[in-house]
Structure formats: C-alpha cells, structure tokens
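Each residue takes its place number in the sequence, starting with 1. Here the structure is a predicted model, which means the values were calculated and not measured.
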Amino acid sequence: MTFDRELRNHPAHLEVMVQSDTTIYSILQLINQETGIHSTKLSVFADDSRSREAMLVPEATLQDLGFEGDLHDDPQEVTLYYDYKVEFTECPILLCDHYLGDLLDD
C-alpha cells in the first residue's frame, strides 16, 4: 500500500478513533477488519520509512509510545503506517493458471 500522505483519499488509508491505552495488536486487528487483509506479516510503523526501528511492537500501547489524549475531551491525532507481505508467492497451486487452458480450448 502506498505511504504517500498526499493521497488523502486512498482506499487503504484508515481513520479510526481509539483510546490511548489501545495496544498495537488491537490496531492490527482493526486494520484486518477494515481492509480484509489477513496476512500474519502485518506490521505497524511510527513513520513511513518502514524500517525495523520504526516497527511498533504489538504489546505496546499508544500511551507507551508517548501518545496521550482523551478520546472525547482532548483527542490527539496520530498518523501510523502499516504494511504487509503476501504470504503465498511461491505456492504452485495458488499460482496455477490451469483453468485458463480450459477457457482457451473452448
């Protein structure tokens, strides 16, 4: 997915409101629910570098990461980034285009 912030209306961009005690694991679950991505290699990052140093650990809360604010009285806007890897790139069954042969024979 793109990390370009200039594309405000990209379908992969999400906007959700959560409490500051929400864990990164919960945010990963929200991403799964909102996007339909079910990769076990889904990660959340503090910046758009997608570096290992910017990767947020699932056990951490937003509060642990220094984000404060009350959801109702004083919400703080935080931009986080996510990325995932497709897990079945080498599977011959999933990559098989055998069904195309049947279509071409007709």
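There is no path of hydrophobic side-chain contacts, each under 4.5 Å, that joins Val57 to Val44.
Taking CD of Gln19 as the reference point, atom OG1 of Thr61 lies at 11.5 Å (rounded to 0.5 Å). We find the CZ-CD distance between Phe67 and Glu77 to be 11.5 Å, quoted to the nearest 0.5 Å. The CD1 atom of Ile24 lies 11.0 Å from the OG atom of Ser43; values are rounded to the nearest 0.5 Å. Distance check, rounded to the nearest 0.5 Å: CG of Asn32 to OH of Tyr82 gives 10.0 Å. Note: Arg50 CZ to Arg52 CZ = 13.5 Å, rounded to the nearest 0.5 Å. Once rounded to the nearest 0.5 Å, the distance linking CG of Asp83 with CG of Leu42 reads 8.5 Å.
For the pair Leu30/Val18, a side-chain contact is recorded, criterion being any heavy-atom separation below 4.5 Å from C-beta on. Between Ile31 and Tyr84 the shortest side-chain heavy-atom distance does not fall below 4.5 Å.
Across Glu59 and Thr23, no two heavy atoms sit closer than the pair O-CG2, 4.1 Å.
Among Ile27, Leu28, Leu80, Asp64, the single residue meeting the side chain to side chain contact (heavy atoms under 4.5 Å, CB included) criterion with Leu56 is Leu80.
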